[in-house]
Amino acid sequence: MQIKMSGISKAFGPVKVLEGVDFALQAGEIHALMGENGAGKSTLMKILCGVYQADAGSIEVDGHAVQIRSTTDSEHLGIAIIHQELNLIPQLSVMENMFLAREPRRFGVIDSGRMREEARRWLALVGATQIDPDGEAGKLSIGQQQMVEIAKALSLNAQVLIMDEPTAALTEREIEKLFGIMTDLKAKGVAIVYVSHRMEEIFRICDKISVLRDGQFVGERVIAETGFDEIVRLMVGRELGDRFPKREVEIGAVRLAVSDLADQGNIAGIGFEVRAGEVLGIAGLMGAGRSEILKTLFGVNRRTHGEVSLDGQPLTARTPSQAIAAGVGFVTEDRKSQGLVLGMSVRENATLVHLAQYAHGGVVNGRSESEAVARLVDELHIRTRDAELDVKSLSGGNQQKVVFAKWLAKPPKVLLLDEPTRGVDVGGKAEIYHIINRLAAAGVAIVMVSSELPEVLAMSDRILVMHQGRQAGIFDAASATQETIMTAATGNN
Amino acid sequence: MTPQQKATLQKLGPFLALLLVCAGLAFMSPDFLSVGNLMNVLRQVSINALIAFGMTLVILLGGIDLSVGSILALASVFTAMMMRAGYDPILATLVGVLSGAVMGCVNGLVVAKGKVAPFIATLGMMTVLRGLSLVFSNGSPITGFQSDFFSMLGGGYLAGLVPIPVVWTLLMFALFWFVLKKTVFGRHVYATGGNAEAAMLSGVKTNRVQIGVYTISGAMAAMAGMVLTSRLNSAQPTAGMGYELDAIAAVVLGGTSLAGGRGWIFGTLVGVLLIGVLNNGLNLLGVSSFYQQVIKGSVILLAVLLDRSGKK
C-alpha cells in the first residue's frame, strides 16, 4: 500500500501546527519521521489515523484520493497506530484486549474458543508464542504488551503501522526482538512509520527519513545516503555543534560515598563514590535496579542495609524532605507523573522544592519568588512566554528544564538524575547536557541513570553497570565501549 | 477571544450566574433587594460558608469530607454540655472548636497514614460521630444555658447592622484566601492535590498537609456548629445532617475540581451565595419546598455541565 499526503495544513485556533506538509510512504519500507518536540509529527500521524481532520491538503492511498474522517475510516484502510502509552486495559486478558469491541460471537455470546485460537495465530505471527491469550494484559512486560498491540494491529489487517517511540520503555533484548518483527513485517510488504528520537536506532532499522521542523516539511532522505549531522541540521535548522558538549572540570573531594547499599529486595551490595564535579553514569537493562539506587538514596525506598555519607557526614534520610534538607536533589524519571504538577504554573513548579527560601513565617514573598523564577528561566533557557502559564503548555524539553529548575533554586550537593533526557528532542538534549556540565563545574556530584548508551558514555566520567539488582562493575568512561557496558549489563563477564 | 480571556471568563462564570439570579429575583420580588433581606440571606448562608471553606481545602487535595455534619453536631453537644455544667462560655466555645479540630485530625490520620480512601474514612467517622452525639446527649436536645457571649455568636450584630456570623464568615474568607494565595502551606495544598507523588518527591510533607487540611475542615465545621447552636439556643444531636452535601455543592459550583489541584476560595463563596440566594428567592416567591429542591438540583447540574463543556 502506498500513501501520499500532500500539502497538509492544520491549525488549532490561531496556532498553525502544520503548514503544507508532504509525506510519502511506500509498501515494505520503514520510514522514520523525525523532528523536535512540537514540530508536528504526532499531529501529522493523527491526521493519517483520522483522529484530526486536516484543514487543507489531500491524502492518496494507492493513487486514489481518500477522506479519513475517523479512526474507523483509517482502520478500514488498513492503517493502525501503536501509541507510546500503550492502550491495553490491564484487567482484561490478552485476547479480550485484542478483540475488544469486535469479539467473535456465536448466538450472541462471546465465542472464547475461536477468540483464543485467533489470538494465538496472530501472536505467533509476531513471534510471541509465549504470551498466553488468557493471561491478564497488565501482568505482561511493556515489551510484551507492545507485541500484543502489534498482533492486534495485524489482526485488523493493517498494511500501515505507525509506531510512536516504541522503544522508549523496552529492554535491549526486547528492542532486538521488536526490530526482528519489524524487518519481517517489512518483508511482507507492511509499511511502517517510525517516530523516535533515538538516532542510532533510526540509522539501524529505517530505510528513509522525513524531517519536520516547526510544522513544515524540510526534507526526505534515504538513510544510506545521509548521516547524523545532516539529519540534526535538518531538524534544528542550524549547526548544533557537538552532540555531547565537553566538560572541563577540576574533580574535587569525595562528596557522596555509598557502601554495601541494599533496599527491600530490589538491589543489594551497591558501593561507589562520587567526587565533586564528577558524573557517575549508571547503566543497565530495564529492571536491573538502576532507579532503585537513586530512590533508596533519596529516601523514597527504604534502605535495609549499608552506609551512605555526604561530604563526610552520614546521610540517614528516610523521606525525600530529609534528603533534600541534607543537600540531595532528584530529577525523576517520569516528569509527568513524578516531576511536575502539570496543573500548576511554571513559577509554582520551579519553586516547589525550595519555596521556604522565599518565605518568612510561612508567607511567600511574591516578589522575591518571581525574581528567582525569572533568573532560573533565564539561566536554563526555559522557553515560555510567561512563567504564569501552566507548565503543561511547554514542550517536553522545556518541561524537563523546569524540573531541573526545581532543584537549582538552591544548588544541591548531590544531584540524582533518572533518564534526564527521555522524550526530549535533540536541541533540548544538548541544552540539558550543558546544564549538567555547568552543575558539575560548580562542584555538584552527579549520579545519572540513562538507557541511552551513547549518552552515558559521553556524559559520564565513570559508569556503574547494574545487572539484576547487583553491581556488575564500575568502568572508566574514557576506555569503555557500548560492548563492554552491554556485556556487563547482560551478566556475561 | 484569547485562551486567557476565555479562561478568566470561565472562572468568573459562577459569579456571573450569581449576578444574573440576583437581578432576576430583584425584578420578580421587590423585597429581595432590601437591606434587611440581604443581611438575612448572608446570615443564613454563613453556616454553609464556614463548612464550605474547610471543604474547599479538602476537595483541593482531591479528597472529600462527609463527616462535617456529624462534627458540627458533636462539637455543639460538647459546648452545650460544658455551658450547662457552668463552665465559662468562651472556654466552652473554644473547646467545642478544638474538639472539631481533633475529630478532623482523626480523619486526616486515617486518610494519610491509614491510606483509606477519603470517602470511606469520613463516611465511617460521620456515622461514629453522629452516634457519639446521640450517646452524649442521650438523644435529646441540650438546652438551658444562658450566656450573652454565646447568644451574640449567632444572633448579634456589628454596628447594629451586620450579623456577627456574617462578620465571622468574611474574616474566615479573608484568612482562607490569604492562606491559599500567599502561604507555603497553601501552595503545598495545591501541589499535593495536583500531583501527590511529584509533591512528595519535591520534599512536600504530603501526609502533614493532608492531616492539616482535614483538621481545618473539622474546626470549621465545629465553628459552624457554634453559630447554629447559638441561633437555636440549643444543641441538637441530629443537627447538621446533609450539610456536607450543601458544602460540597457550593465548592463544586464555585469551580473547584473534584479531582483536586484546581480551585479557589472566592468560587466557593460565590457557590454558597448562589445556593443561599436561590433558597431565599424561591421562598420569597412562594415556591413550594418540593419544587425548590427540583430547582436547586437542576441549577447545580446545569452549572457543572456548563463548566465541563467549557473545559473540553
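In what follows, every chain begins at residue 1, and chains take the letters A, B, ... in the order their sequences are listed. For the numbers below, each heavy atom of this structure counts, side chains included, while hydrogens, waters and symmetry mates do not.
A:Glu371 and A:Arg375 are not joined by a salt bridge, as no carboxylate oxygen comes within less than 4.0 angstrom of a charged side-chain nitrogen.
Side-chain contact, A:Glu419 with A:Ser451: a donor N or O sits under 3.5 Å from an acceptor N or O. No hydrogens or angles considered: a donor-acceptor pair under 3.5 Å links the side chains of B:Ser67 and B:Asn107. Inspection of the A:Glu369 and A:Thr351 side chains reveals an N or O donor paired with an N or O acceptor under 3.5 Å.
Side-chain contact check for A:Leu294 versus A:Val447: some heavy-atom pair is nearer than 4.5 Å.
Ring geometry for B:Phe173 versus B:Phe53: interplanar angle of 30 to 60°, hence tilted.
Contacts of A:Val363 with chain B are made by both backbone and side-chain atoms, with heavy-atom separations under 4.5 Å. Residue A:Lys295: no heavy atom, backbone or side chain, is found under 4.5 Å from chain B. Neither the backbone nor the side chain of A:Tyr358 comes within less than 4.5 Å of any heavy atom in chain B. Interface remark: B:Arg187 contributes backbone and side-chain atoms alike to the contact with chain A (heavy atom separation under 4.5 Å). Heavy atoms of A:Ile324 lying under 4.5 Å from chain B belong exclusively to its side chain. Neither the backbone nor the side chain of A:Gln322 comes within less than 4.5 Å of any heavy atom of chain B.
Residue with the most contacts toward chain A among B:Gly261, B:Gly194, B:Ala191: B:Ala191 (heavy-atom pairs, distance under 4.5 Å). Put simply, of A:Val300, A:Val403, A:Leu340, the one with the most heavy-atom pairs under 4.5 Å next to chain B is A:Leu340. Between chain B and the residues A:Gly343, A:Ala356, A:Ala323, the largest count of heavy-atom pairs under 4.5 Å involves A:Gly343. In terms of non-hydrogen atom pairs under 4.5 Å with chain A, the most contact-rich of B:Gly203, B:Ala198, B:Gly193 is B:Ala198.
Counting heavy-atom neighbours within 6.0 Å of B:Trp264 CH2, excluding the residue itself, gives a total above 12.
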